[in-house]
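Computed from a predicted structure; not experimentally measured. Just so you know, ligand 1 is whichever comes first in the structure, and atom 1 is the first atom listed for that ligand.
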Amino acid sequence: MIRIAIQAKGRLNEDSVELLREAGITFEDSKRKLLAKSDDFPIEILYLRDDDIPQAVAMGVADIGIVGLNEVEEKAQEIDVVHKLGFGKCRISIAIPKAEEYNGVEALAGKRIATSYPVILKKFLDEKNVDAEIHEIAGSVEIAPAVGMADAIFDIVSSGGTLITNGLKEVEKVMYSEAVLVANKGLSEECKNILNQLLFRIESVERSRGMKYVLMNLPESKVEEVISILPALKSPTILPLTQKGWCALHVVINEKELWGKIEQLKTIGAEDILVLALEKMIL
Ligand code: PRT
Ligand code: ZN
């Protein structure tokens with residue numbers, strides 16, 4: 001049995017739950033229980049605040065966890081980052097009032113910077129040899145300059161909308177973050193095996209994202225030409241048809257390239273093209 005800590009509610013909760021469900025794991029959501037056991041995979045889900053996940057994993061209260069890389073850096077706990085998960089993407093930036101001039105980090109010397117991420121900010125300022133005052137506040141960091149609590153802020157930015165609404169401009173992008181899978185450093189052999197099974201499933205889910213399964217009928221004489229425009233997994237699957245001189249070709253195509261490729265295939269003589277959703281790609 002392995003125990004995974006995920007955010008109970010908030011921005012990472014839904015994607016974390018969805019990832020585990022796509023990996024074929026069923027369990028109850030956080031509205032019902034704080035600790036939910038799966039019936040079909042040896043895993044328990046512990047729902048926590050994201051701030052508490054790095055420490056819970058470091059202490060072994062949970063064996064593994066899903067949390068933003070920003071929290072991992074800020075809490076500076078001894079844990080392993082095992083896998084990047086590609087959701088919850090954001091950056092942590094320094095922003096100042098829009099009207100103010102900015103010509104490099106030196107401009108921050110002697111300034112008061114409000115943040116919920118003092119550890120990451122201090123590291124950045126030390127690296128840049130800038131002496132500024134760090135004001136740690138728990139929430140609503142973005143209003144600090146307007147109410148005279150600070151001259152600048154250091155906070156999470158995603159679309160940038162919050163900064164604009166508060167009359168601020170982003171001047172230093174200090175770190176990029178996304179949700180990551182973290183693990184305790186002293187996992188038992190049993191837990192390591194379960195973690196590997198989980199990673200295998202997560203990677204299969206990730207591989208299939210944005211991919212489509214495409215079937216088409218094609219004159220046999222065109223197979224070589226089609227292969228040259230469709231780099232498949234290893235090689236495409238080609239099946240004979242009852243109609244002489246024709247075959248069926250099955251291939252996986254990235255959604256981004258789909259329409260361009262289909263135009264090319266039709267020009268070559270492909271017919272009856274079917275595009276299907278691809279659920280998992282297990283290699
Ligand atoms: O209750 P709990 O402590 O668990 O949650 P929380 O309120 O501390 O965190 P939550 O749910 O807001 O965010 C969890 C994680 O999501 C963060 O640690 C980041 O890793 C990630 N993440 C991704 C974000 C954002 N995008 C984000 N946009 N976290 C916060 N924001 C906020 C930001 O603080 C700012 O207020 O959104 C605003 C900026 O967004 P834009 O789009 O206007 O730039
Ligand atoms: Zn939090």
Quick one: look at [X] and ligand 1, take heavy-atom pairs under 4.0 Å, and tell me if it's side chain, backbone, both or neither.
{"X": "Cys90", "answer": "side chain"}
{"X": "Thr162", "answer": "both"}
{"X": "Lys9", "answer": "backbone"}

- Task: Identify the residue among Val141, Ile156, Ile134 that makes a side chain to side chain contact (heavy atoms under 4.5 Å, CB included) with Tyr117.
- Result: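 When side chain to side chain contact (heavy atoms under 4.5 Å, CB included) is applied between Tyr117 and each of Val141, Ile156, Ile134, only Ile156 qualifies.
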- Message: Polar contacts were defined as any N/O atom of the residue lying under 3.5 Å from an N/O atom of the ligand; does this apply to Gly160 and ligand 1?
- Response: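 By distance alone, the answer is yes.
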- Message: Asn217 vs Asp272, test: side-chain hydrogen bond (donor to acceptor under 3.5 Å, both in side chains). Steps then yes/no.
- Response: CA-CA 6 Å; Asn217 292 339; Asp272 307 324; 3.1 Å; yes
- Among Ile, Leu, Val, Met, Phe, Trp and Tyr joined by side-chain contacts under 4.5 Å, find the other residues sharing a cluster with Ile282 and list them by chain and number.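 When side chains under 4.5 Å apart are linked, the cluster holding Ile282 also contains Phe200.
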- Quick one: name the residues clustered hydrophobically with Trp246, using the 4.5 Å side-chain heavy-atom rule over I, L, V, M, F, W, Y, and just say none if it's on its own.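 So far as hydrophobic clustering goes, Trp246 is joined with Leu241.
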- Would you check if there is a donor-acceptor pair between the side chains of Ser93 and Glu170 at a distance under 3.5 Å?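 Yes, a side-chain donor-acceptor pair sits under 3.5 Å.
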- For ligand 1, which atoms, with element, lie under 4.0 Å from some heavy atom of Gln7?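 Those atoms are 2 (P), 4 (O), 5 (O), 9 (O), 10 (P), 11 (O), 14 (C).
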- Item | Aromatic Phe27 / basic Arg21 pairing, under 6.0 angstrom, 45° off normal |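 Yes, a cation-pi geometry holds between Arg21 and Phe27.
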- Task: Work out which heavy atom in Ala152 is nearest to a heavy atom in Ile94; give both atom names and the distance.
- Result: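 Distance-wise, the nearest heavy atoms are CB-CG2, 4.4 Å.
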- Task: List in chain and number order the residues that pass ring-ring contact (aromatic ring centres under 6.0 Å, His included) with Tyr213, two or more places apart in sequence or in another chain; answer none if no residue qualifies.
- Result: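 With neighbours one apart ignored, the set is His250.
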- Item | For the Zn ion (ligand 2), every protein N/O/S atom that sits closer than 2.8 Å, waters excluded |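 N, O, S partners closer than 2.8 Å: Asp50 OD1, Asp51 OD1.
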